[in-house]
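All remarks here apply to the structure that follows.
Letters go in sequence order (proteins before strands), and every chain restarts at 1.
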Amino acid sequence: MDPALFVENLSFSYGRLKAVQGISFHLNPGEILGFLGPNGAGKSTTIKMLTGLLTPDTGSIQILGMKMSLDNPEVQARIGVCFEEKNLYMNMTGRENLKFFSRLFGLKYCDVDTLLRRVDLAHRADDRVSMYSKGMRQRLMMARAIINSPDVLFLDEPTDGLDPVSSRTIRNIIREQAVRGAAVLLTTHDMWEADELSDRVAFLNEGKLYVVDTPDSLKMKYGRRSVKIRLGGGNQVREEIIELGAADAGDRIRELINSDNVMTIHTEEATLEDIFIEITGRGLDV
Amino acid sequence: MSIVPSRMAIIVAIVLKDLREFSRDRLWMILTPISLIFMIVIFLILPDTVSETITLGVYPSYLAESFSMLINHEAGEFQGLEIIGFADENQLADAVLDDSGEISIGIALPVDFTESILSGSGGSVSIYVTESIPQEMRRALSSGVREIAYAVQAVYAGRSPLSTLPVVLPHLQVRILGEDMVGRQVPLRYRIRPILVIMILLIEALALAGLVSVEIEHRTATALLVTPARTGDFLTAKCITGTILAVSQAFLFLLATGGFLFDWLIVSVLILLGAGMASAVGMLSGTSGRDFMGTLFYGTIFIIPLMIPALSIMFPGRPSVIIRLLPSYGLTEAMSGVLGEGRGLRFAAPHILTTLLWDIILLGSAFFLLRRRVESL
C-alpha cells in the first residue's frame, strides 16, 4: 500500500530558531497518526509545511504521490485541514461558511445539512458564527475540514479546550474519517486522546522527531509491567507492587488475593506521557 | 469527491463571499449610504452659477448715471459692474446687507456732494460693504470716490470743458497670466465634484481595507489557501471586490449629480482607474494594520496625500511640483477637466496614462505586500 503522506528530512527555521529539524515519517490511508509534543515542539510548523502554507528549508513532502505546494490545487483539493485557531467567517452563518468552502472545492452538490447535523449544528445552521460558542465553532471547523471528503486530513489540536460533548463528537468524526479511508494526522498534547484515537504516535520535541510507533508497542518497550495491590489488615493499609515479568509473580498475586486482605488491584501500565518524558526528557504541558 | 474548480469560479466565489461579508458589516452598511447621500447633498446645496458682475448701489439715485458714464468711459465694453441708484441711504444699506447678495457694494454720497467739493469742505461719503468684500476692493472704492471728487471739481470749477473729462490717464492694459476664465468660470458645485468622487472612492478603499484586515486578523486567509484557491486568486478577488465597491458608489454619485452628461466613456474610464487606485489603497491599508484601528490609521495615512490634489482644485493657481507628483493628481486633473469644464479626450489622455501607470505601481505593491503577509500567517 502506497502511503497517503510521505515526509522526508523536513526542516524549517524561523531565523536562527530551528523549528523543525530533519523529520521523516509516513502515514497510510485509513491510519490515524498522533503527533505529540509540548507547545513549541514544532507541531503547528510541521502542519503548515504539510498543508503548503510554509515552504520547507529542506526535505520533501508527497501527498497521494504528488509534490506538495501552495500552488498545487490538485493536492489541495484532496486534503482537509482543521486549524488550531478558529478561522471562520464570523459575519456569515454556519451554512454559508460551508457552502462557500464547498464552492472553493468545486463541489457541484454538497449536502451541507447532513454535515451540519453530523456536527450537531443543524439547529443553529442559520445563525451567524459570531454567535456560536467555542465548541460550536470547533465543530463547524471540523465540518469544514471534511467537506470535500479528503484523502488526507490534518487536525491541529481539534479538541483543545472543548467541553466533553464537543470533544466526543469530534473524536467520533475522526474515527469515521479513518474508517472511510482517510489518512489522519492529529496533533495534540492530550495523551489520553492520542492513546484513544491513534494507530501510531509520533513524539516531537524541540523540532526533532524522537519516535514513531504504536501506543501498545511503546508501552511494551518503555512502560513498567507491574500490578499494585493495596492491602488492609487491622488498622494498617499497605501497598505491594509485583513486577509481571518476575518468575513468581502469578503465585504471589494468587496468594494475596486468597488472603482476603485485598482492597484494590491496579495495573501499573505506563501512560504515553510517562513514555514521552522518558524518551524526550520533557513533560507535555510545558 | 471534489474537483479542481476553474480559477474564475474560485475568484467569483471569493468576491461573492466578500460582498456578503460587506453587506453584513453594520459600520460600512451605515457609512456607505450616508456618505453617498452626504456627498450628493453637498453637491446640490452649492451654487451652480457664478456671478461675474458686481452690482454697485449708489445714493442719491441721480448720481448713478454719472457713475455709469465715468465707469463705461474707462472700461469700454466691460460688463462687470452694474450700477443701481437708491433714493434712500437706509434702503441702500439694507440692500447691501440683504442675504440675496443682489447689491455687493453701496456708496452713499451727501445730497450736497457737488457743493461740498466745490466749497472745499469735502463732505462725508459712506461706502457700504459686507465682511466678505476684501480689503483691496475697499481701497479701490475709496480711490474711486476720490477720482469722482477730482472730476467734479474739474467740471464745476471750469478748469476744462466737460468733454475732456475725465482726466486723461495713461493707457492701461490688463494682462491676465494663465488661463482667463472670465465668462466661463466653473461654479463651486461643479468644481467640487471631482473632490467628492475621489472622497467616495477612498471611503470605499477603507471598506476594502476592513475586509482584508479581517481576513488577516482572523486568519481566514489561511483557510482559503489550503483549498484549491491560490494566493493569486485571493488577491485578484480582493481587487475585484474593492473595484466593485468603489465603482458602484462613484457611479451612483455621478448618476445623481449629472456626471454622465459629459463624455460618459472618459468618465467611466476615470472611475475605473480611480477604483483601481482605491483597491490598491484598501489592500495596502488592510495589509499594514493589525486590527481595525491599525487599518484605519494606515488608511488615513494613505488617503490624506491622495486627497491633496483634489483639494488643490479649490484654490487658484498651478499646483506645486510635489502635488503634481502625487498618484491621484492625474486622476483629479482629468476629472476636474472632464466633469468641471467639459473637456475631452485630448485633455484627459495624458492624465489617464499617468493614472494608469500609478495604478500599476500601487496595485503591484499591494499585491506583493499582501501576498507576503498572507503567506506568512
Below 4.5 Å from any heavy atom of chain B, which atoms of [X] appear? Answer side chain, backbone, both or neither.
{"X": "A:Phe101", "result": "side chain"}
{"X": "A:Glu74", "result": "both"}
{"X": "A:Lys48", "result": "side chain"}
{"X": "A:Ile147", "result": "neither"}

Please round to the nearest 0.5 Å and tell me the distance separating atom [atom1] of [X] and atom [atom2] of [Y].
{"X": "A:Phe100", "Y": "B:Thr220", "atom1": "CZ", "atom2": "OG1", "value": "8.5 Å"}
{"X": "A:Leu104", "Y": "B:Leu225", "atom1": "CG", "atom2": "CG", "value": "10.0 Å"}
{"X": "A:Met90", "Y": "B:Glu21", "atom1": "CE", "atom2": "CD", "value": "10.0 Å"}
{"X": "B:Leu16", "Y": "A:Lys99", "atom1": "CG", "atom2": "NZ", "value": "13.0 Å"}
{"X": "A:Gln76", "Y": "B:Leu224", "atom1": "CD", "atom2": "CG", "value": "11.5 Å"}

| remark: Heavy-atom closest pair (B:Thr222 atom, A:Phe83 atom, distance to 0.1 Å) is O-CZ, 3.7 Å

| field | Heavy-atom pair with the smallest gap, counting every atom of A:Arg144 and B:Ala223 | value | NH2-CB, 3.4 Å

Does atom [atom1] ([X]) have a neighbourhood of more than 12 heavy atoms from anything else shown, all under 6.0 Å?
{"X": "A:Arg180", "atom1": "CZ", "value": "yes"}
{"X": "B:Phe367", "atom1": "CZ", "value": "yes"}
{"X": "A:Met131", "atom1": "CE", "value": "no"}

| query | Given a strict heavy-atom distance threshold of 4.5 Å, which part of B:Ala9 is in contact with chain A: side chain, backbone, both, or neither? | reply | neither

| note | Note: vs chain A, highest number of non-hydrogen pairs under 4.5 angstrom among B:Pro5, B:Pro228, B:Gly232 is B:Pro228

| task | Quickly, which of B:Glu215, B:Arg20, B:Arg24 forms a side-chain contact (heavy atoms from CB on, under 4.5 Å) with A:Tyr89? Name it, please. | result | B:Glu215

| remark: Residue from A:Met92, A:Lys86, A:Lys108 scoring the most non-hydrogen pairs under 4.5 Å with chain B is A:Met92

| Can you list the steps and then say if B:Thr227 with A:Asn148 is a side chain to side chain contact (heavy atoms under 4.5 Å, CB included)? | CA-CA 10 Å; B:Thr227 69; A:Asn148 58 330; over 6 Å; no

